[in-house]
Amino acid sequence: YDNNHNVYDTTNVRMEDRMDVRVRIKVPQELSNLRGGIINYINNDPLLQQRNNLRLKQKKELLSRLEYDILQLDSLQKFKYFEESRNLLPRTGNQMVFMQEQKTQLLYSDIYKLYDRKQEIELDCSIYNDAVTILSDFNLPNERDNGGLYYAKYYVPRFFIITLLLLILISNRKRIKEIYNRY
């Protein structure tokens, strides 16, 4: 950010887990070597490896807990519909049971929420399993840096100054010869 980030700006948010690398090079074929070097450097950082292993371990623990919760919720649903309703029926013919109407509820929405969460975590573990995930790779520039504008910026002023100096020297050559001969 070249130390020009306004902390009060609400449109730009600094993300702690992202790194943006922008490179200017003269030979585009070196991009693959540069990319490999950056990824190798990050992958060899022990702190990042340790953080990534801890993140994956926590995700796996959460996955196992979600699978357990899904099984428990499914068995609770079966118990609620079949076993509890059977226990509420009168055992003998002369018994009268006074009870409030039990509200039946579907637990499918809870199961689906758990399945959605489980799928998100599995996706996160399978796609982002390395310490480095490249969101957008280096790409070759669309246009050359040494186009017409490059020549107009750098070479035209130089040739203009050299031509101006030559014209001054040519117009004053008699005076220059006199000064040269004098010394």
Side-chain angles (χ1 to χ4, degrees), residues 1-77 106-168:
Y1 296 101
D2 294 333
N3 295 324
N4 63 0
H5 178 69
N6 184 3
V7 293
Y8 298 110
D9 187 9
T10 59
T11 58
N12 294 326
V13 177
R14 282 188 167 186
M15 294 186 277
E16 296 293 328
D17 60 346
R18 302 281 194 273
M19 181 172 60
D20 185 23
V21 178
R22 296 181 186 188
V23 178
R24 280 192 169 165
I25 58 172
K26 295 197 187 249
V27 180
Q29 289 77 18
E30 296 295 323
L31 277 176
S32 61
N33 293 339
L34 180 67
R35 176 186 178 273
I38 291 171
I39 291 173
N40 188 28
Y41 174 76
I42 293 172
N43 281 334
N44 289 334
D45 187 6
L47 177 64
L48 288 175
Q49 288 297 325
Q50 187 178 15
R51 289 178 71 190
N52 186 47
N53 291 337
L54 179 65
R55 179 185 66 88
L56 289 175
K57 179 183 167 193
Q58 289 173 346
K59 295 277 185 182
K60 287 179 182 173
E61 288 175 358
L62 188 58
L63 265 176
S64 64
R65 179 60 195 187
L66 278 173
E67 289 172 355
Y68 176 75
D69 288 344
I70 288 171
L71 287 173
Q72 291 299 317
L73 194 57
D74 192 35
S75 64
L76 173 69
Q77 178 184 4
L106 289 176
L107 301 175
Y108 285 119
S109 62
D110 296 332
I111 291 174
Y112 284 129
K113 286 178 191 174
L114 288 175
Y115 271 117
D116 286 340
R117 181 73 179 129
K118 178 184 170 191
Q119 289 172 351
E120 287 174 12
I121 293 172
E122 286 174 345
L123 183 70
D124 190 37
C125 285
S126 64
I127 292 179
Y128 306 117
N129 59 352
D130 290 334
V132 177
T133 301
I134 298 173
L135 299 178
S136 176
D137 204 356
F138 289 125
N139 53 3
L140 293 174
N142 293 335
E143 60 185 41
R144 300 181 323 209
D145 281 341
N146 58 354
L149 185 60
Y150 174 80
Y151 292 117
K153 278 185 190 176
Y154 295 104
Y155 290 114
V156 171
R158 291 176 184 164
F159 283 123
F160 177 74
I161 292 172
I162 290 172
T163 306
L164 190 61
L165 288 174
L166 282 174
L167 288 174
I168 292 172

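Each residue takes its place number in the sequence, starting with 1.
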Could you give the distance from CG (L66) to OH (Y115), rounded to the nearest 0.5 Å?
11.0 Å

Any donor-acceptor pair under 3.5 Å linking the side chain of Q49 with the backbone of N43?
yes

Atom pair CG (L165) and CZ (F160), whose distance is rounded to the nearest 0.5 Å
10.0 Å

So, do K60 and K57 sit near enough that their side-chain heavy atoms are less than 4.5 Å apart?
no

Is it true that, when you exclude Q50 itself, more than 12 heavy atoms of the residues, nucleotides or ligands shown sit nearer than 6.0 Å to its CD?
no

Rounded to the nearest 0.5 angstrom, the NZ-CD1 distance for K113 and I70 is 13.5 Å

Contacts of K59 that satisfy side-chain hydrogen bond (donor to acceptor under 3.5 Å, both in side chains) - sequence neighbours left out:
D124

Evaluate the side-chain proximity of R65 to D69: yes if any heavy-atom separation is below 4.5 Å, no if none is.
yes

Which pair of non-hydrogen atoms, one from N129 and one from L56, has the smallest distance, and what is that distance?
O-CD1, 3.4 Å

Output the distance between atom CG (L34) and atom CD1 (I39), rounded to the nearest 0.5 Å.
9.5 Å

Check for a donor-acceptor pair, side chain of N40 on one end and backbone N or O of G36 on the other, with a separation under 3.5 Å.
no

Minimal non-hydrogen separation, A152 against P157, with atom names
O-CD, 3.4 Å

Can you tell me how far apart CG (L48) and CG (N53) are? Round to the nearest 0.5 Å.
11.0 Å

